[in-house]
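Remember, it's 1-based here, ligands and their atoms both numbered in the order they're listed. Note that the structure is predicted; figures quoted are calculated from it, not measured.
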Amino acid sequence: MKEVVDRWSSRRAFILAVTGAAVGLGNIWRFPYVAGENGGALFFLLYVFFVLAMGLPVMIAEIMIGRAGRRPPIQALAALAQERGRSAKWSWVAGFGLLTVFLVLSFYSVVSGWSIEYLSSTVQGKFAGASAENISHALDVFLANPWLVVLNHSLFMLLTMAVVAKGVSSGLERLNNWLMPLLYLLLVVLVIYAATTPGFGEALKWLFSPKFEELTPLVVVNALGHAFFTLAIGACALMAYGAYMPEDQSLVKAVVIVAVLDVLVAVLSGVAIFSVVFSHHLDPTSGPGLMFVALPIAFSAMPFGIPLLGAFFLLLLFATWTSSINLAEPMVASISTGRLSRPVAALIVGLCVWAAGLLPALSFSTLANVRPIAGMTFFDLVTSVPPDIFLPLGGLMIAWFAANVLDPEKAAGALGVGTSGFWLWLHITRYVAIPLVVLVLLSALVPKLI
Ligand code: PFF
């Protein structure tokens, strides 16, 4: 397959697209509840460490491969490996990535669908003056309704595939420019409000003062998985975006900006949500419903809270949309080469992911008692195994490929920071990132195997 000629329209557009991929449910929905289940501050500390020590080098590796290959992931890995006289089977790494994005998108669409429902409930005034108890109850009632959950999941899949069918859209770029900063602003407003609530101090302590005695292999592996999930790495999704990167752009600068923004959004969201949790004596370990209960409670107690809550869900929906487009892109780009047109590829991918998404969608109602492994529902499985195990495993193989298989000259060219910068990246990747990922994965898996 020939190299792609598409490019992001500007350097800024590339940064926005990668930030759009990174910032999403992972920061605002997943971070608070997974931190809640893993003890708070220790998880946060490990997550930030993993973003720096492994996330950044792997993210660079992934985009670098896309930029050097200038093809969709499967074809890029095969071509780059063959150029070095290595097996085209390296493209299986991208195949594993596609399986991962497929599974992640299946639940991502379901939970984004919850945001559509919450936006509509807010507009209908259902949260105005509601008590904390009623708000908690409303989530259970909604999730128990299979039709409504599937309807919203379907709507979100349509929204995603409509954009991916057309290709990287300049319309989306422009929206990205405005809506993401607005979301950050709203989060800042929320944190300022949170600072006036009685639970604020406790929230800060919970998030920033670690209890090292609570360290377990599971906390470590969950933090690693979350770092990869929130940065959108390990599944070849950013590799697909790297293929369209302009020639004259600094990769390192883009990656650092994205990582800083990504951690910042998680911190803002965590502080806001845990302030509500502690002010209202909610349970921080209550799981995936945490954000959907805490935020309506917080906003409904604020001046102009209901319109702001509506704005929040709208912006959240936009943030999840830009991430789901990124999740779908590698699948659609990989199969829409040759005879299959992009719209048809998007239709096929969309239908398959939609069908797979029915399993997590129905896990709170029709399939609530179906627990295939370790007493976990389909929702529990798909929201934990692909992010916590598949992404680090995929990231490991991507980093290995970039550091050991990819032509060093080509890699250095794609990185674009000169020989000493390349040397630094190579050594951090080989001797810090790769061994650490192996160590963490083994520490989590080995006790389970014996
Ligand atoms: N980073 C996205 C989020 O935090 O919501 C999720 C994601 C996107 C994960 C793309 C993986 C991926 F390849």
More than 12 heavy atoms from other groups under 6.0 Å of CH2 on W400: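 Result for CH2/W400: open.
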Say you draw a straight line from CD of E117 to CG of L139; how long is it, rounded to the nearest 0.5 Å?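 Going from CD on E117 over to CG on L139, the span is 10.0 Å.
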In terms of heavy-atom contacts, does CH2 of W354 have more than 12 from other residues, nucleotides or ligands at under 6.0 Å?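 For W354, atom CH2 is not crowded (no more than 12 foreign heavy atoms under 6.0 Å).
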Are the aromatic ring centres of Y47 and F31 under 6.0 angstrom apart?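 Y47 vs F31: aromatic centres under 6.0 Å.
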What are the distances between nitrogen or oxygen atoms of ligand 1 and protein nitrogen or oxygen atoms, counting only those under 3.5 Å?
residue  : atom  : partner : partner atom : Å
ligand 1 : 1 (N) : A21     : O            : 3.1
ligand 1 : 1 (N) : A22     : O            : 3.0
ligand 1 : 1 (N) : F229    : O            : 2.8
ligand 1 : 1 (N) : T230    : O            : 3.1
ligand 1 : 4 (O) : A22     : O            : 2.9
ligand 1 : 4 (O) : G26     : N            : 3.2
ligand 1 : 5 (O) : L25     : N            : 3.0
ligand 1 : 5 (O) : G26     : N            : 2.8
ligand 1 : 5 (O) : Y108    : OH           : 2.4

So do L308 and L186 actually touch side chain to side chain, heavy atoms under 4.5 Å?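 Yes, close enough: below the 4.5 Å cut-off.
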Once you round to the nearest 0.5 Å, how far does CH2 of W114 lie from CG of L143?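 Separation between the atoms: 5.0 Å.
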